[in-house]
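All values below were derived from every heavy atom in this structure, side-chain atoms included, with hydrogens, water molecules and symmetry-related copies excluded. Residue numbers start from 1 in every chain, and the chains themselves are labelled A, B, ... in the order their sequence lines are given, proteins ahead of strands.
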Amino acid sequence: GAGVSQTPSNKVTEKGKYVELRCDPISGHTALYWYRQSLGQGPEFLIYFQGTGAADDSGLPNDRFFAVRPEGSVSTLKIQRTERGDSAVYLCASSHQQFGGELFFGEGSRLTVL
Amino acid sequence: LAKTTQPISMDSYEGQEVNITCSHNNIATNDYITWYQQFPSQGPRFIIQGYKTKVTNEVASLFIPADRKSSTLSLPRVSLSDTAVYYCLVGANSGYALNFGKGTSLLVTP
């Protein structure tokens, strides 16, 4: 596709449930990033993939959060036992450079945990 | 990662030039300065990136003094559609874990 695609755009779930958020990066981009943005705050780094491997997962808040990118393209962010504090917009970005460079963001997946 | 400080908000009228300054006193030698723009319900969008002196593209200019401890994003002749949050980021080109901070909320009015 022309840009980074994220699904679902909105997800409402109950506390304790499992959630998966999907990111389809720009074709050919080897770098993929996940960020989380709470209301009134800037995006907060979660995890960075280079190809299939997670090069840096230091931003994941705890072990309830996990992300995969098995074929080096689509990535899934998985959140177990969701908590109300997980409510936020989850942003995915991709880049054609191995390090840094211009990040192309999707429109995000808004997660609401009731 | 270098810490950045920028105004929380700014107001401007249409047609004026807007300058948003970002302080980054502990910028490292290999750090670049990057600015992003974000509209409500959208992901951030890259505006401009620079290392030193001046960089200009079709939407903005970035001024970086010799000591690189600050930078100024300049938006010429803003329009209502420039109302957005603007983020200043500092990090090495390998600094993928970019700290966006809270950004500057720019409001442009007629």
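Taking the ring centroids of A:Y35 and B:F100, they lie under the 6.0 Å cut-off.
Shortest non-hydrogen contact noted between B:G43 and A:L91 is CA-CD2, 3.9 Å.
Clustering ILVMFWY residues whenever any of their side-chain heavy atoms sit less than 4.5 angstrom apart, transitively, puts B:I64 in the very cluster that holds B:W35. In this structure, A:L21 is not a member of the same hydrophobic cluster as A:V4, with clusters built from ILVMFWY side-chain heavy atoms closer than 4.5 Å.
Residues B:Y87 and A:P43 are in side-chain contact: their nearest non-hydrogen atoms beyond the backbone lie under 4.5 Å apart.
Listed by chain and number, the residues in a side chain to side chain donor-acceptor pair (under 3.5 Å) with A:Q41 amount to none (sequence neighbours excluded). Residues forming a ring-ring contact (aromatic ring centres under 6.0 Å, His included) with B:F39 (at least two apart in sequence, or on another chain): none.
At a 4.5 Å heavy-atom cutoff, A:Q6 makes no contact with chain B through either its backbone or its side chain.
Note: A:E102 CD to B:I48 CD1 = 11.5 Å, rounded to the nearest 0.5 Å. Taken from CZ in A:F104 to CZ in B:R45, the straight-line distance is 11.0 Å, to the nearest 0.5 Å.
When the shell of 6.0 Å around CG of A:L39 is examined, it contains 12 or fewer heavy atoms from other residues, nucleotides or ligands.
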